[in-house]
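Quick caveat, the model's predicted, so the values are computed rather than measured.
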Amino acid sequence: MISRYLADAESVFEKFSSIIDDTLLQTLTFGDEKGAISGDIYFTDESLLVFLEVINTQKHVKVKYKYQYMNKDKVLIFRYDNAPHHQELSSFPHHKHVTTGVIASSEPNLLSVLSEIESLIIL
């Protein structure tokens with residue numbers, strides 16, 4: 001059920017309260033099985049994660065996602081997404097943009113992305 005997925009996604013933020021300064025979140029539901037969560041997460045070092053997940057819980061898939069992490073000057077550190085480009089990658093359509101280009105990547109989730117950010121933030 002989509003309401004449960006969205007509630008679980010929001011609860012992930014509590015696990016990272018030591019590095020999160022503020023969150024601006026939006027959730028949308030389209031019936032019982034489809035929905036979206038998006039937002040901006042501001043971190044204690046002034047970096048920012050802008051993200052979007054469009055979910056179909058009936059099919060157990062993220063229809064679309066992006067997790068764009070930037071430093072305090074809004075310069076890209078990394079971005080995961082499943083936009084249908086970079087067909088040359090073995091993980092197509094999943095990929096990760098890094099400062100040196102684009103690399104193959106598995107599909108991340110909020111927990112894994114926030115864990116990666118946590119490892120980059122010096123407390």
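Applying the side-chain hydrogen bond (donor to acceptor under 3.5 Å, both in side chains) rule to Glu88 yields the partners His86; only residues at least two apart in sequence or on another chain are considered. Every residue two or more places apart in sequence or in another chain that forms a ring pair (Phe, Tyr, Trp, His ring centres under 6.0 Å) with Tyr67 is listed here: Tyr65. Listed by chain and residue number, Lys96, Glu116 satisfy the side-chain hydrogen bond (donor to acceptor under 3.5 Å, both in side chains) test with Tyr80 (two or more places apart in sequence, or in another chain). Applying the side-chain hydrogen bond (donor to acceptor under 3.5 Å, both in side chains) test to Thr57 and every residue at least two apart in sequence or in another chain returns Glu33. With sequence neighbours excluded, the residues that form a side chain to side chain contact (heavy atoms under 4.5 Å, CB included) with Tyr42 are Asp22, Leu24, Asp40, Leu48. In this structure, the side chain to side chain contact (heavy atoms under 4.5 Å, CB included) partners of Ile20, at least two apart in sequence or on a different chain, are Phe13, Phe16, Thr23, Ile41, Phe43. Among residues two or more places apart in sequence or in another chain, the side-chain hydrogen bond (donor to acceptor under 3.5 Å, both in side chains) test is passed with Asn109 by Ser112. Partners of Asp45 by salt bridge (charged side-chain N to carboxylate O under 4.0 Å, His left out), not counting sequence neighbours: none found.
The number of heavy atoms from other shown groups lying within 6.0 Å of NZ (Lys62) is above 12.
In terms of hydrophobic clustering, with Ile, Leu, Val, Met, Phe, Trp and Tyr side chains grouped at heavy-atom distances under 4.5 Å, Val61 and Val113 are assigned to different clusters.
Closest of all the heavy-atom pairs between Pro84 and Pro93 is CA-CB, 4.5 Å. Contact detail for Leu52 and Ser38: the closest heavy-atom pair is CD1-CB, 3.9 Å. Nearest heavy atom pair, residue Leu111 against residue Lys15, reads CD1-CD, 4.4 Å.
Within the structure, every pair that satisfies the salt bridge (Lys or Arg N to Asp or Glu O under 4.0 Å) test and touches residues 70-82, not counting sequence neighbours, is listed here: Arg79-Asp81.
Under the 4.5 Å side-chain criterion, counting only non-hydrogen atoms from C-beta, Asn82 is not in contact with Phe92. Within the 4.5 Å cutoff, no side-chain heavy atoms of Glu53 are placed close to those of Lys64. In this structure, Phe51 and Ile37 have side chains that are in contact, with non-hydrogen atoms separated by less than 4.5 Å. Side-chain contact check for Ile55 versus Val63: every heavy-atom pair is 4.5 Å or farther apart.
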Should Val12 and Leu114 be marked as a side-chain contact (heavy atoms from CB on, under 4.5 Å) after you check the CA-CA gap, both sets of side-chain angles, and the distance that decides it?
-> CA-CA 9 Å; Val12 167; Leu114 289 170; 3.7 Å; yes
Could you walk me through whether His95 and His85 pass the side-chain contact (heavy atoms from CB on, under 4.5 Å) check?
-> CA-CA 9 Å; His95 57 279; His85 52 254; 3.3 Å; yes
Evaluate side-chain contact (heavy atoms from CB on, under 4.5 Å) for Val50 paired with Met70, printing each intermediate quantity in order.
-> CA-CA 8 Å; Val50 177; Met70 298 168 281; 3.7 Å; yes
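With values rounded to the nearest 0.5 angstrom, Leu76 atom CG is found 9.0 Å from Asn71 atom CG. Here the straight-line distance linking atom OH of Tyr69 with atom OG of Ser47 works out to 3.0 Å at 0.5 Å rounding. Expressed to the nearest 0.5 Å, how far CZ of Arg4 lies from CG of Asp32 amounts to 15.0 Å. Rounded to the nearest 0.5 Å, atoms CG (Leu120) and CD1 (Ile19) are 9.0 Å apart.
The hydrophobic cluster containing Leu28, built from Ile/Leu/Val/Met/Phe/Trp/Tyr side-chain heavy atoms closer than 4.5 Å, also comprises Phe30.
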Donor-acceptor pairs are to be reported for all side-chain atoms of residues 100-108 against protein atoms at under 3.5 Å, with residues two or more places apart or in another chain.
none

